[in-house]
Amino acid sequence: GYAVTRFLPAPDGEDMPWAKIWSHSFRGPGGEWYIENSLTTLVQNDPVGELNRELWNSGREQDKSTARVQKRKLSYYSNIYVVSDPAHPENEGRVFLYRYGKKIFDKLVEAMQPAFADETPLDPFNFWKGADFKVKIRKVDGYWNYDRSEFASPSVLGDYEDAKLEEIYNQEYSLAAFTNAENFKPYEALEKRLNLVLGKNKARVQTRDEELEEPVPVVEENTTVTAGFGNSVESLKTDGPEDPDLSYFARLAEEG
């Protein structure tokens, strides 16, 4: 899979060009999924986090294994502009929300804070001095791999004039809602769901594949997913065990 995107600046009135979210995703012994944002995102106590601490400190290796598979997953959200999408050219020139994991975030940090003195720092979220990001997905040892994704040389986005860049900027989605406390379930509701999933006995659970640490494109309701990426938002929804995140990127990879 291959597409070229550009990370966009922080939306108007917001300080950061990304939102950082912790979540949990695992399946209980009865087959029920626990898929919820973690209150630790808001620096609050979370029932899964508390349970995992109990399990880890029990001294039993089986409990530690359970805590590992129930651990938090870190996701980031940013606005992106689709520069090139060979598989779905209708996506080009549009702005989307993009969900991604630690590996791509590390590439952003590495660009901003190079490890070597002979490397020039890059602000990947800058319209004028940033750089296009080439998303490259391949399968390595049976898993989708994003290690070859990289930044191009610094350039003005699309060589556009400031008026066009302002137009793109005005299309950005707000990121503030992702960390708005009103959009998180209260502790009691999460605890109730956790007890249901675990059958109230805190039994060992099955987990999704660790590859789900990888990025996932998402969009707000009533819009269309793109970014290399095409498919409607409905295709990302599921009530079953099949993971919409992985299957979506699998389709992109297979199209490449």
Side-chain angles (χ1 to χ4, degrees), residues 1-11 14-23 25 38 40-41 43 71-86 91 95-160 165 168-169 172-173 175-176 178-179 209-218 226-229 245-246 248-250 252-253 256:
Y2 178 79
V4 180
T5 67
R6 183 72 166 249
F7 285 91
L8 300 181
E14 300 181 21
D15 296 328
M16 299 296 291
W18 64 76
K20 178 180 177 180
I21 308 293
W22 290 102
S23 63
S25 177
S38 171
T40 59
T41 302
V43 196
K71 69 181 181 180
R72 301 181 302 177
K73 181 178 69 173
L74 180 58
S75 298
Y76 296 88
Y77 295 83
S78 291
N79 283 280
I80 60 168
Y81 177 85
V82 180
V83 177
S84 174
D85 188 347
N91 299 335
V95 174
F96 296 91
L97 281 172
Y98 182 49
R99 176 183 169 190
Y100 52 101
K102 185 177 182 298
K103 288 184 179 180
I104 284 185
F105 185 76
D106 286 345
K107 288 182 179 292
L108 293 168
V109 172
E110 183 180 359
M112 293 184 283
Q113 302 174 355
F116 300 98
D118 63 341
E119 296 177 342
T120 303
L122 168 73
D123 179 1
F125 301 96
N126 190 292
F127 274 129
W128 298 273
K129 299 179 181 179
D132 294 345
F133 186 67
K134 295 181 282 188
V135 182
K136 300 178 180 180
I137 305 176
R138 59 197 178 112
K139 207 164 191 178
V140 178
D141 296 330
Y143 295 95
W144 300 120
N145 182 282
Y146 304 79
D147 290 344
R148 295 184 65 177
S149 298
E150 60 183 350
F151 286 99
S153 299
S155 65
V156 176
L157 172 58
D159 288 328
Y160 295 138
L165 296 178
I168 293 171
Y169 181 70
E172 290 193 44
Y173 298 93
L175 301 174
F178 287 107
T179 52
D209 197 288
E210 288 297 324
E211 189 64 15
L212 296 186
E213 294 288 342
E214 293 302 329
V216 181
V218 299
T226 75
F229 308 103
D245 300 349
L246 184 57
Y248 181 77
F249 268 79
L252 169 59

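If you read the sequence from its start, that first residue is 1, and numbering goes on from there.
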What pair of heavy atoms forms the shortest contact from [X] to [Y], and how long is it?
X: Asp147; Y: Asn145; answer: N-OD1, 2.8 Å
X: Pro154; Y: Lys129; answer: CB-O, 3.9 Å
X: Asn91; Y: Val82; answer: O-CB, 3.4 Å
X: Ser78; Y: Pro17; answer: OG-O, 3.0 Å
X: Ala131; Y: Ser153; answer: CB-O, 3.7 Å

Checklist entry - Among all residues two or more places apart in sequence or in another chain, which pass the side-chain contact (heavy atoms from CB on, under 4.5 Å) test with Lys134? => result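 Tyr2, Val4, Lys136, Glu150, Ala152.
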
Checklist entry - Looking at Trp18 versus Phe125, is the centre-to-centre ring distance below 6.0 Å? => result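 Aromatic pair counts; centres sit under 6.0 Å.
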
Checklist entry - Looking at Tyr100 versus Phe7, is the centre-to-centre ring distance below 6.0 Å? => result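 Yes, they do, as the ring centres are separated by less than 6.0 Å.
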
So, do [X] and [Y] sit near enough that their side-chain heavy atoms are less than 4.5 Å apart?
X: Leu157; Y: Asn126; value: no
X: Phe105; Y: Leu74; value: no
X: Phe96; Y: Thr5; value: no
X: Lys107; Y: Phe133; value: yes
X: Lys102; Y: Asp106; value: yes
X: Tyr146; Y: Lys103; value: no
X: Glu172; Y: Pro9; value: yes

Checklist entry - Between Trp128 and Leu165, is a side chain to side chain contact (heavy atoms under 4.5 Å, CB included) present by the stated rule, with each step listed? => result CA-CA 9 Å; Trp128 298 273; Leu165 296 178; 3.5 Å; yes

Checklist entry - So, does Arg6 use its side chain to make a donor-acceptor pair with the main chain of Phe127 at under 3.5 Å? => result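 Between the backbone of Phe127 and the side chain of Arg6 there is a qualifying donor-acceptor contact (under 3.5 Å).
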
Item to check | Polar side-chain atom of Asn79 near backbone of Tyr173 as donor-acceptor pair, under 3.5 Å | outcome: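 Between the backbone of Tyr173 and the side chain of Asn79 there is a qualifying donor-acceptor contact (under 3.5 Å).
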
Next on the checklist: Is there a side chain to side chain contact (heavy atoms under 4.5 Å, CB included) between Tyr76 and Leu108? Walk through the geometry before answering.
Outcome noted: CA-CA 11 Å; Tyr76 296 88; Leu108 293 168; over 6 Å; no

Next on the checklist: If the condition is salt bridge (Lys or Arg N to Asp or Glu O under 4.0 Å), which residues does Asp118 pass it with, not counting sequence neighbours?
Outcome noted: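 Asp118: no salt bridge (Lys or Arg N to Asp or Glu O under 4.0 Å) contacts found.
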
Checklist entry - Can you tell me how far OG of Ser149 sits from CD1 of Ile137, rounded to the nearest 0.5 angstrom? => result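 One finds 6.5 Å between CD1 of Ile137 and OG of Ser149.
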
Next on the checklist: Using 0.5 Å steps for rounding, measure from the OH atom of Tyr81 to the CG atom of Leu8.
Outcome noted: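 Separation between the atoms: 9.5 Å.
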
